[in-house]
Amino acid sequence: MENVFLTDLKVHFGKGGKLVAVESKKTIPFAIKRIYYIYDVEFGRRRGLHSHKKLNQVLICVNGSLKVCVKSPTETKDIVLDSPNKGLFIGNAVWREMYDFSEGAVLLVLASEFYDPDDYIHSYDQYEKYAIDYFGNNYNRK
Ligand code: TYD
């Protein structure tokens, strides 16, 4: 799917535990400007439900599990994040919804930009128009 991919992050074993390191512009394909994490999500709650005009992000579920539904005007995918060694890249112009948070789930998000409420698209209708315009010819080719 355009602007979405799942990667296996390298796990360093040893000393009786595991370690994953992520590096700006190396493991993560952009310079990390912001880090936030979502936790203690109430049972049944859905988060996200928006897209971004500019922001790129990598999502890592560092504890527990959750699902992410990513949508473009032509595709929908549901991705399970159930391991701290999975990194889900979600680029700009992709609609995302996070759901099925397990008890104790912690979602770490690495972001390419500082927080900017004006970068959000909260309405799916507006998103669709934006994405068709943004991806343009890529969609026409399908
Ligand atoms: P929101 O974007 O609604 O969370 P989600 O996408 O997971 O549903 O953010 C929740 C609140 O946190 C909202 O009041 C904005 C605030 N917030 C920040 O102040 N800085 C940030 O970097 C983010 C992501 C959110």
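First listed ligand is number 1; within each ligand, the first listed atom is number 1. In this chain, residues are counted from 1 in sequence order.
Here Y120 sits in one hydrophobic cluster together with Y115; the rule is ILVMFWY side chains under 4.5 Å apart, joined directly or through other members.
Under the 3.5 Å distance criterion, with hydrogens and angles disregarded, a donor-acceptor pair is assigned to the side chains of S83 and N85. Side-chain atoms of Y99 and D78 form a donor-acceptor pair, as typed in the model, at a separation below 3.5 Å.
Between Y127 and Y124, the gap from one ring centroid to the other is short of 6.0 Å.
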Pairs under 3.5 Å, nitrogen or oxygen of ligand 1 with protein nitrogen or oxygen:
| residue | atom | partner | partner atom | Å |
| --- | --- | --- | --- | --- |
| ligand 1 | 2 (O) | Y120 | OH | 3.2 |
| ligand 1 | 4 (O) | R47 | NH2 | 3.1 |
| ligand 1 | 7 (O) | R47 | NE | 3.1 |
| ligand 1 | 7 (O) | R47 | NH2 | 3.1 |
| ligand 1 | 8 (O) | R47 | NE | 3.2 |
| ligand 1 | 8 (O) | G48 | N | 2.9 |
| ligand 1 | 22 (O) | R34 | NH1 | 2.4 |

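Checked against side chain to side chain donor-acceptor pair (under 3.5 Å), R47 has no partners two or more places apart in sequence or in another chain.
Pairs passing the side-chain hydrogen bond (donor to acceptor under 3.5 Å, both in side chains) check and including a residue from residues 7-24, sequence neighbours excluded, do not occur.
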